[in-house]
Amino acid sequence: MAEGILESRLEKIRKLTEEGKNPYPHKFSITTDLKSVREGLEFEPEDKEYVIKGKIKRVSKKENDYFIRFEDLNGHYEIQVVFPQKEKLSPNTVASFKGKLKRIDGKLTLLAEEVLFEEAGEDVSTIKNRYDKDPEKKQVAVAGRLIALRDQGKAAFGHIQDADGKLQVYFNADTLREENYKKAMDLIDIGDIIGVEGHLFRTMTGELTVEVHNYEILAKSLRPLPEKWHGLKDTEYRYRYRYLDLIANQRTREIFKIRSKAIKSLREFLESKGFIEVETPILQPVASGAMAKPFITYHNALDMNLYLRIAPELYLKMLVVGGFNKVFEIGRNFRNEGIDTTHNPEFTMVEFYAAYLDYNDLMVLTEELFRKILLDTVGTLKITWEGQELDFEKPFRKVSFFDALKQKTGKDKEFFLDFEKARNFAKEVGIPKADTLTHAKILDKLFEHFVEEDLVQPTFVIDFPKILSPLAKTHRSYPDLVERFELIINKKELANAYTELNDPMDQRERFIQQIREKEMGDEEAMDVDETFLTALEYGLPPTAGEGIGIDRLVMMLTDNYSIREVILFPTLRPEGQ
């Protein structure tokens, strides 16, 4: 930060203080937020084609489009027209434009496809009166961050912004008196948070605006917004200074609004099905519940190591033992693993468990859940993610783990369940460090290598090998498989579920096998959880459980490639390393 800018803004704080004004006051009473100020005054146009007639007032060029101020034939009302530069357009020409109406930055805008040079269609004034109402000098008090200010000597237009909206403000020397106007222009900087009181009116271009009668600096910004902050693009900078990313990029704000809507929709769905929300420990004495390397911490008073939870699964199943037949938890999990586009060391999941259901029931439930979330957040069951068109209207495809591998390799289940054959094959096809991997890891890597890349449309991969699933119940028809599914969408796992293993003797044997896997070098193998085994000995009813990654779900809903785009503060190296 330039020392000159800092000193200049500190000097403005000194001036405010000398005048008895607090540059960081305790409160400002607003009458409405910046989104709500438009309620009853501005309406979204219908999704249809319009033909609008009027007169071209002014034409400017931007990239490959004309931006046209288009007024009614009497010169009282205006809208904006965006039109491709495919033919010359001149001011004072009467014309009609055909296209779709949108509201862009608060302005009614016709995205025109065709110009008709004849007086056909609805007049600009008719359109304006339908979608933009006269605010009739309504008095308001609003606040936000000043993101633009254009001082024209006797008047200045600016914009203030909050998370949900943007509103134009108008400072006028006649209204404020010249001395107060000059003082405002001297003391206010872009980046300051300000409160303004005044009345609403519309400019000639139709933009809703507050004429400022009184203003107050609510938080003086000592640091200027980054250069070219309107187009803040550097990804590392955006993640590290997320608050600047949120100021600069509406797209970022929209991502996290969709995330909030998705969690709300998920919670509503589960509650409507009779699930109750619970909370389980994050600090756990045993690293279990999923196959992952844990983070270890130390508790001084108890003189013992604890683990940040890798999953809430075992605690949730103990609640089912206790009689809570349907439970769910939305919360953070922590896994000491690498960072890539789909993995962050701390991430958000929902896990839910239902007594007297099995994995077949959960597949039905999952399809219903995903459709509800899509409709509640993006309003459609057909979306695009990383260029792939995904259709959630159709029933989700089902394919078994070993059938999918056989289709790709020609080799059957018995081949892959032979450790030596599977390991030699993994080496042949180039699986990294195949000599050092356990049997379970080899099967997992082979599936990723051969099958996952082709799973684009929503697909349930079902009936996994038992050695890959230490907490899942043995398949009722195939003793070397378990009743488990993963939901794969666009080559990524979004959900994992199974009919739960509720036989305490079988579960103990599976835990012991995990110890053997750990002794063979698998850092992600689980530990034996005696507390959970004791709970099973009291009786866990037939139960099905599922976990869904919230971060990857939001990646899908917002068409994002990287998990860092959907986590407000992703894990980063210290700056400069």
Inter- and intrachain pairs under ring pair (Phe, Tyr, Trp, His ring centres under 6.0 Å), touching residues 241-277, at least two apart: Tyr237-Tyr241, Phe275-Phe352
Cation over ring face, Lys491 and Trp385, 6.0 Å, 45°: no
Check against side-chain hydrogen bond (donor to acceptor under 3.5 Å, both in side chains), Glu78 and Thr205: CA-CA 5 Å; Glu78 285 186 16; Thr205 60; 5.3 Å; no
side-chain hydrogen bond (donor to acceptor under 3.5 Å, both in side chains) pairs, two or more places apart, involving residues 126-137: Glu46-Tyr131, Tyr50-Tyr131, Arg103-Asp132, Glu122-Arg130, Lys128-Asp132
4.5 Å side-chain heavy-atom contact, Met556 and Leu494: yes
Geometric class of the Phe83/Phe97 ring pair [parallel <30°, tilted 30-60°, perpendicular >60°]: perpendicular
Residues in salt bridge (charged side-chain N to carboxylate O under 4.0 Å, His left out) contact with Glu71, at least two apart in sequence or another chain: Lys55
By side chain to side chain contact (heavy atoms under 4.5 Å, CB included) - contacts of Thr380 (at least two apart): Val378, Lys382, Ile383
Salt-bridge criterion met for Lys35 and Asp162 (N-O under 4.0 Å): no
Side chains of Asp164 and Leu34 in contact at under 4.5 Å (non-hydrogen atoms): no
Partner set under salt bridge (charged side-chain N to carboxylate O under 4.0 Å, His left out) for Asp189, not counting sequence neighbours: Arg9, Lys12, Lys220
Thr280 and Arg309 side chains, donor-acceptor separation under 3.5 Å: yes
Side chain to side chain contact (heavy atoms under 4.5 Å, CB included) against Ala163, all qualifying residues, sequence neighbours excluded: none
Asp47, CG atom: more than 12 neighbouring heavy atoms under 6.0 Å: no
Close side-chain approach of Pro312 to Asn333, heavy-atom, < 4.5 Å: yes
Greater than 12 external heavy atoms within 6.0 Å of Gln250's CD: no
Leu218 versus Ile194, closest heavy-atom pair with distance: CD1-C, 3.7 Å
